[in-house]
S.K.: 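Here it is, the structure in full.
Owing to the predicted nature of the structure, the values given are computational and were not obtained by experimental measurement. FYI, side chains are in, hydrogens and waters are out, and symmetry mates aren't considered; it's all heavy atoms of this structure.
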Amino acid sequence: MGRIATSEIVDPGRLGKEERDRFFRELYAVQCQIFEGVDEKGFSSYIFHPRAARTRIAIFRNDQGQMVGYSAIHLFEMSSAAGAIAVFR
């Protein structure tokens, strides 16, 4: 794995189709190295959540430029009787 040399924040909504597909394949490969039991379709719906108002993904690369980790955050905007609510997860 090596040490984390760089990090970058990615807005998947700004990626073109080819870029997004390439990004997803790289991200899913890292996911499979860490976790078991999530298929591509399930992972895709989690990462590129259509109900999220915003999604950002921090990616981490080693000295060779290989992705070695990630962290995703989604913003869900809702309203209640008390007013607007923002949920990050």
Side-chain angles (χ1 to χ4, degrees):
M1 179 170 161
R3 73 178 192 90
I4 294 173
T6 64
S7 64
E8 174 187 0
I9 305 295
V10 176
D11 177 352
R14 292 183 171 231
L15 300 176
K17 171 129 177 59
E18 288 182 20
E19 267 185 311
R20 184 177 165 144
D21 290 346
R22 186 172 41 253
F23 178 68
F24 174 78
R25 285 191 306 273
E26 192 176 16
L27 203 61
Y28 187 65
V30 171
Q31 168 74 14
C32 290
Q33 290 176 19
I34 301 168
F35 301 104
E36 293 180 359
V38 178
D39 64 12
E40 284 188 23
K41 184 177 179 180
F43 184 68
S44 178
S45 68
Y46 171 72
I47 291 297
F48 303 117
H49 202 290
R51 289 185 37 219
R54 288 184 215 121
T55 295
R56 298 296 182 269
I57 303 170
I59 60 169
F60 306 97
R61 297 186 182 278
N62 64 15
D63 289 322
Q64 291 75 43
Q66 299 167 314
M67 190 184 300
V68 294
Y70 74 92
S71 178
I73 187 166
H74 306 284
L75 167 63
F76 297 90
E77 296 174 331
M78 302 170 195
S79 58
S80 74
I85 299 171
V87 176
F88 293 90
R89 70 168 233 214

S.K.: Mark yes or no for whether Gln33, through its side chain, and Val30, through its backbone, hold a donor-acceptor pair below 3.5 Å.
M.R.: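 Not confirmed, Gln33 side chain does not pair with Val30 backbone.
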
S.K.: Which heavy-atom pair separates Met67 from Arg61 by the least distance, and what is that distance?
M.R.: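 For Met67 versus Arg61, the nearest heavy atoms are N-NH1, 3.5 Å.
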
S.K.: Say whether Val68 and Ile34 are linked into one hydrophobic cluster, either directly or through other cluster members, by side-chain heavy-atom distances under 4.5 angstrom.
M.R.: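 They do not share one cluster, since no chain of ILVMFWY contacts under 4.5 Å joins Val68 to Ile34.
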
S.K.: Distance check, rounded to the nearest 0.5 Å: Glu77 atom CD versus Arg54 atom CZ?
M.R.: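 Taking CD in Glu77 and CZ in Arg54, the distance rounds to 5.5 Å.
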
S.K.: Could you tell me the separation between the OG atom of Ser44 and the OH atom of Tyr28, rounded to the nearest 0.5 Å?
M.R.: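 OH of Tyr28 is found 10.5 Å from OG of Ser44.
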
S.K.: When rounded to the nearest 0.5 angstrom, what is the spacing between CD1 in Ile59 and OG in Ser7?
M.R.: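 Answer for the CD1-OG pair, Ile59 versus Ser7, is 9.0 Å.
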
S.K.: Applying side-chain contact (heavy atoms from CB on, under 4.5 Å), run through Arg89 and Ile73 and close with a yes or a no.
M.R.: CA-CA 5 Å; Arg89 70 168 233 214; Ile73 187 166; over 6 Å; no

S.K.: What do you reckon, are the aromatic ring centroids of Phe76 and Phe88 less than 6.0 Å apart?
M.R.: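 Ring centroids of Phe76 and Phe88 are no less than 6.0 Å from each other.
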
S.K.: When you look at Arg22 and Lys17, which way does the side-chain contact (heavy atoms from CB on, under 4.5 Å) test go after all the steps?
M.R.: CA-CA 9 Å; Arg22 186 172 41 253; Lys17 171 129 177 59; over 6 Å; no

S.K.: If I take atom CG from residue Asp39 and atom CD from residue Gln31, how far apart are they, to the nearest 0.5 angstrom?
M.R.: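 That separation rounds to 10.5 Å.
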
S.K.: Within the structure provided, determine whether Asn62 and Ile4 are in side-chain contact (heavy-atom separation under 4.5 Å).
M.R.: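 Result no, sub-4.5 Å side-chain heavy-atom pair not found.
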
S.K.: Check the pair Ile47 / Ile57 against side-chain contact (heavy atoms from CB on, under 4.5 Å), numbers first and verdict last.
M.R.: CA-CA 8 Å; Ile47 291 297; Ile57 303 170; 3.3 Å; yes

S.K.: For the residue pair Tyr70 and Phe43, does the interplanar ring angle fall in the parallel (under 30°), tilted (30 to 60°) or perpendicular (over 60°) class?
M.R.: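 It falls in the perpendicular class, over 60°.
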
S.K.: Measuring from Phe48:CZ to Arg20:CZ, what's the distance to the nearest 0.5 Å?
M.R.: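 These two atoms lie 5.0 Å from each other.
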
S.K.: If Ile, Leu, Val, Met, Phe, Trp and Tyr residues are connected whenever their side-chain heavy atoms lie under 4.5 Å apart, and connections chain through other members, are Phe24 and Ile9 in the same group?
M.R.: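 Per the 4.5 Å side-chain linkage, Phe24 and Ile9 are not co-clustered.
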
S.K.: Is a side-chain donor or acceptor of His74 paired with a backbone partner of Tyr46 at a separation under 3.5 angstrom?
M.R.: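 Looks like yes, one N/O pair under 3.5 Å.
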
S.K.: Where do Pro12 and Val10 come nearest, in terms of heavy atoms and distance?
M.R.: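 Of all heavy-atom pairs spanning Pro12 and Val10, the closest is CD-O, 3.3 Å.
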
S.K.: Nearest 0.5 Å, what's the CZ-OG distance between Arg51 and Ser45?
M.R.: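 Here the interatomic distance stands at 11.5 Å.
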
S.K.: So do the side chains of Met78 and Val87 get within less than 4.5 Å of each other, counting heavy atoms only?
M.R.: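 The answer is yes; the side chains approach within 4.5 Å.
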
S.K.: A side-chain contact here means heavy atoms from C-beta on lying under 4.5 Å apart; do Thr6 and Phe60 qualify?
M.R.: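 No, too far: nothing below the 4.5 Å cut-off.
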
